[in-house]
Amino acid sequence: MQVNLPKRLQAIASLVVPGQNAADIGTDHGYLAVYLIVNHICPQVVATDKARGPMEAARQLVDLLSLGQEIDVRLGEGVLVLRPGEVQTVCMAGMGGATIRNILSEGQSVINSCQRLVLQPMRGAPGLRKWLVANGFKIIAEEIVFEGGFYYEIMAAEKGVMTLTEDEAEFGPLLLQQKHPLLKGFLEAKKEDLLRLVEELRNSPSMDAQKRLKGLENVIGRMDKVMETL
């Protein structure tokens, strides 16, 4: 059986620890969980979603493919539906970085029993990197995928000690180190978004807006310096 995944999910699957159990948190339709099983990457996968609709869609796919013995579909919040030690890799994709941080914080006993986290934040990657490092994780892999006109950041982390500079937190320590071939394009697209925000904030008289404006201008300046090296 062959399962074709979008490039984003393929990149996530490539970072899962092979031969061990995994969880896909916020599984949506269950495609990643199915891919991990049919490609013999994992012997068992727990696929969870907090919304009943996506969870039922995932369950229907699993039943259709007769994979109920290998994939356990569960309804529930974050990693709270997992038992400590039940899986070795936890995947979370398609959520905001703040949401991922909250899920990790609420499920520390489960998270600390895992070998690896594979995360794809839709936004807020700098804050997520800082959270990982502050909570005893080391970023061991980073990837950028361009798909459907959008760039996606993907990172894998394991327990360990790591420090981050402001630029490493903002742009990705391994992406910078490896001069990832898509990093420049990603930063150019991100800069365009930030410049639009800057224009909006310049017209606001509020102190909060002006403070945020200074922060964005600082990030844009650092971004320009990084792009000069790529």
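Computed from a predicted model, the values in this text were never measured in an experiment. The analysis underlying the following values was restricted to heavy atoms, covering all of them including side chains, and did not include hydrogens, waters or symmetry mates.
A side-chain hydrogen bond (donor to acceptor under 3.5 Å, both in side chains) check over residues 120-134, counting only residues at least two apart or in different chains, returns the pairs R8-Q120, S105-W131, R129-E142, R129-E153. Note on residues 76-95: pairs passing side-chain hydrogen bond (donor to acceptor under 3.5 Å, both in side chains), not counting sequence neighbours, are R74-E86, R83-E86. Among residues at least two apart or in separate chains, there is no side-chain hydrogen bond (donor to acceptor under 3.5 Å, both in side chains) pair with a member in residues 41-51. Note on residues 58-67: no pairs pass side-chain hydrogen bond (donor to acceptor under 3.5 Å, both in side chains), not counting sequence neighbours.
Not counting sequence neighbours, K211 has no partner by the side chain to side chain donor-acceptor pair (under 3.5 Å) test. Under the rule for a side chain to side chain donor-acceptor pair (under 3.5 Å), the partners of D193 that lie at least two apart in sequence or sit in another chain are R196. In terms of the side chain to side chain donor-acceptor pair (under 3.5 Å) criterion, Q69 has no residue partners (sequence neighbours excluded). Applying the side-chain contact (heavy atoms from CB on, under 4.5 Å) test to P6 and every residue at least two apart in sequence or in another chain returns L9, E147. Evaluation of the side-chain contact (heavy atoms from CB on, under 4.5 Å) rule for T163 yields no partner, not counting sequence neighbours.
Residues V34 and L5 fall within the same hydrophobic cluster, defined by Ile, Leu, Val, Met, Phe, Trp and Tyr side chains chained together at heavy-atom separations under 4.5 Å. Note: the hydrophobic cluster containing L164 also contains L104 (ILVMFWY, side chain heavy atoms under 4.5 Å, direct or indirect links). By the rule that hydrophobic residues join a cluster once side-chain heavy atoms approach within less than 4.5 Å of another member, V90 and V16 end up as members of separate clusters.
Here the OH-CD1 distance, from Y35 to I12, works out to 11.5 Å after rounding to the nearest 0.5 Å. Here K7 contributes atom NZ and I154 contributes atom CD1; the two are 10.5 Å apart, rounded to the nearest 0.5 Å.
Put simply, the side chain of K184 never gets that close to the backbone of K179: no donor and acceptor are under 3.5 Å apart.
Aromatic ring pairs are classed by plane angle as parallel below 30°, tilted from 30° to 60° and perpendicular above 60°; the pair Y31 and H29 is parallel.
The pair R202-E217 meets the salt-bridge criterion, with a side-chain N (NZ, NE, NH1 or NH2) lying under 4.0 Å from an Asp/Glu carboxylate O.
In the displayed structure, K190 atom NZ is contacted under 6.0 Å by more than 12 heavy atoms of other residues, nucleotides or ligands.
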Original post:
Passes side-chain contact (heavy atoms from CB on, under 4.5 Å), T99 versus M92? Steps please.
Top reply: CA-CA 10 Å; T99 299; M92 279 185 261; over 6 Å; no
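Other residues sharing the hydrophobic cluster of V161, ordered by chain and number and joined by side-chain separations under 4.5 Å: none, the residue standing alone. Clustering of Ile, Leu, Val, Met, Phe, Trp and Tyr side chains at separations under 4.5 Å places I220 together with I144, F146, Y151, F171, L175, L176, L182, L183, F186, L187, L194, L195, L197, V198, L201, L213, L216, V219, M223, V226, M227, L230.
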Side chains of residues 110-119: which donor-acceptor partners sit under 3.5 Å, not counting sequence neighbours?
residue: N112; atom: OD1; partner: K159; partner atom: NZ; Å: 3.1
residue: N112; atom: ND2; partner: Q108; partner atom: O; Å: 3.2
residue: S113; atom: OG; partner: G85; partner atom: N; Å: 2.8
residue: S113; atom: OG; partner: V110; partner atom: O; Å: 2.7
residue: Q115; atom: OE1; partner: Q20; partner atom: NE2; Å: 3.4
residue: R116; atom: NE; partner: E158; partner atom: OE2; Å: 2.9
residue: R116; atom: NH1; partner: L15; partner atom: O; Å: 2.8
residue: R116; atom: NH2; partner: E158; partner atom: OE2; Å: 2.8

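Taking each heavy atom of I37 and P43 in turn, the nearest pair found is CD1-O, 3.7 Å.
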